[in-house]
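Read through the structure below, which is laid out as structure tokens, and then see the notes.
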Amino acid sequence: MIVRTLKEAEQSARRVVSPDKHWESTRLLLKEDNMGFSFHITTIYAGTETHIWYQNHLESVYCISGEGEVETLEDAAIHSIKPGTIYILDKNDEHMLRAHTELKLACVFNPPLTGLEVHDENGVYPIDES
């Protein structure tokens, strides 16, 4: 059994802040935990816009608190995000994430992240081949 608290993880290397200071993510479950997916609590800072394109990962995102929107770039569809909303990037969707207020999100990635990933210049997380 794996038991962790968010508070403990936030005070460890499992908390990653993006270089552009748009978000931070506490990675509660990682590849090393051998579950086949990773689980994160991510905070998107108010007033930010982040280009994301997970070419190597599928992600589901559940909004715990805050308000914002996600825009899929292929079709320019904009979807409102508020508490209780889930959106699933099931087609490696290139998107813009906009936080009107601070967003607190629960995120699941497949394949799992190793823990230190940040978006590259194209909004992509690298794939870990090990």
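Please read these numbers as outputs of a predicted model, since none were measured by experiment.
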**Message:** Give me the atom names and distance for the closest heavy-atom approach of Pro83 to Gly66.
**Reply:**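 That would be CD-O, 3.2 Å.
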**Request:** Over all heavy atoms of both residues, which pair between Glu71 and Ala76 is shortest? Give the atoms and the distance, please.
**Result:**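 The answer is OE2-CA, 3.7 Å.
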**Asked** Can Phe37 be reached from Leu30 by stepping across I, L, V, M, F, W or Y side chains whose heavy atoms are under 4.5 Å apart?
**Response**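 As far as the 4.5 Å side-chain criterion goes, Phe37 and Leu30 are not connected within one cluster.
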**Message:** Membership question, hydrophobic clusters at under 4.5 Å side-chain separation (ILVMFWY): are Leu6 and Ile44 in the same one?
**Reply:**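 Per the 4.5 Å side-chain linkage, Ile44 and Leu6 are not co-clustered.
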Roughly how far apart are [X] [atom1] and [Y] [atom2], rounded to 0.5 Å?
X	Y	atom1	atom2	value
Ser12	Lys7	OG	NZ	13.5 Å
Leu97	Thr42	CG	OG1	10.0 Å
Leu105	Ser65	CG	OG	8.0 Å
Tyr54	Cys107	OH	SG	7.0 Å
Ile86	Cys63	CD1	SG	11.0 Å

**Listed partners of His100 passing side chain to side chain contact (heavy atoms under 4.5 Å, CB included), at least two apart** =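 His100 satisfies side chain to side chain contact (heavy atoms under 4.5 Å, CB included) with Glu69 only.
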**Asked** With sequence neighbours excluded, what pairs up with Phe39 under the side chain to side chain contact (heavy atoms under 4.5 Å, CB included) test?
**Response**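 Leu28, Leu29, Ile41, Ala106, Val108.
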**Prompt:** Would you say the side-chain atoms of Ser18 pair up with the backbone N or O of Trp23, donor to acceptor, closer than 3.5 Å?
**Reply:**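 Yes, Ser18 side chain to Trp23 backbone: donor-acceptor pair under 3.5 Å.
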**Glu67 backbone acceptor or donor facing Thr101 side chain under 3.5 Å** =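 Here the side-chain-to-backbone pair exists.
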Could you note down all residue pairs passing salt bridge (Lys or Arg N to Asp or Glu O under 4.0 Å) where [range] supplies at least one of them, sequence neighbours left out?
range	result
residues 36-48	none
residues 42-56	Glu49-Arg98
residues 50-60	none

**Request:** Report the hydrophobic cluster partners of Met1, with the cluster defined as I, L, V, M, F, W, Y residues connected by side-chain heavy atoms closer than 4.5 angstrom, directly or transitively.
**Result:**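 Same cluster as Met1: Val3.
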**Prompt:** With side chains defined as the heavy atoms from C-beta onward, is the minimum distance between Ile88 and Val61 less than 4.5 Å?
**Reply:**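 Heavy-atom side-chain distance check fails, nothing below 4.5 Å.
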**Message:** Do His57 and Pro111 make a side-chain contact, defined as non-hydrogen atoms from C-beta onward lying under 4.5 Å apart?
**Reply:**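 Heavy-atom side-chain distance check passes, below 4.5 Å.
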**Item:** ring-ring contact (aromatic ring centres under 6.0 Å, His included) partners of His95, counting only residues at least two apart
**Value:**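 In terms of ring-ring contact (aromatic ring centres under 6.0 Å, His included), with neighbours along the sequence ignored, His95 is linked to no residue.
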What pairs with [X] under side-chain hydrogen bond (donor to acceptor under 3.5 Å, both in side chains), at least two apart in sequence or on another chain?
X	answer
Arg14	Glu32
Tyr45	Glu24
Thr26	none

**Request:** From the options Thr43, Thr50, Thr48, select the one residue that forms a side-chain hydrogen bond (donor to acceptor under 3.5 Å, both in side chains) with His22.
**Result:**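 Running side-chain hydrogen bond (donor to acceptor under 3.5 Å, both in side chains) over Thr43, Thr50, Thr48 with His22 returns exactly one hit, Thr50.
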**Message:** Pair Leu58, Asn92 - check side chain to side chain contact (heavy atoms under 4.5 Å, CB included), show working.
**Reply:** CA-CA 6 Å; Leu58 300 176; Asn92 305 97; 4.0 Å; yes
**Request:** Among residues two or more places apart or on two chains, list those pairs meeting side-chain hydrogen bond (donor to acceptor under 3.5 Å, both in side chains) that have a residue in residues 72-88.
**Result:**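 Qualifying pairs: Thr72-Asp75.
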**Message:** Would you call the rings of His40 and Phe109 parallel, tilted or perpendicular, taking 30° and 60° as the class edges?
**Reply:**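 His40 and Phe109: tilted rings.
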**Request:** Name all residues meeting the salt bridge (charged side-chain N to carboxylate O under 4.0 Å, His left out) criterion together with Glu8; count only those two or more places apart in sequence or in a different chain, and write none if there are none.
**Result:**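 Salt bridge (charged side-chain N to carboxylate O under 4.0 Å, His left out) list for Glu8, sorted by chain: empty.
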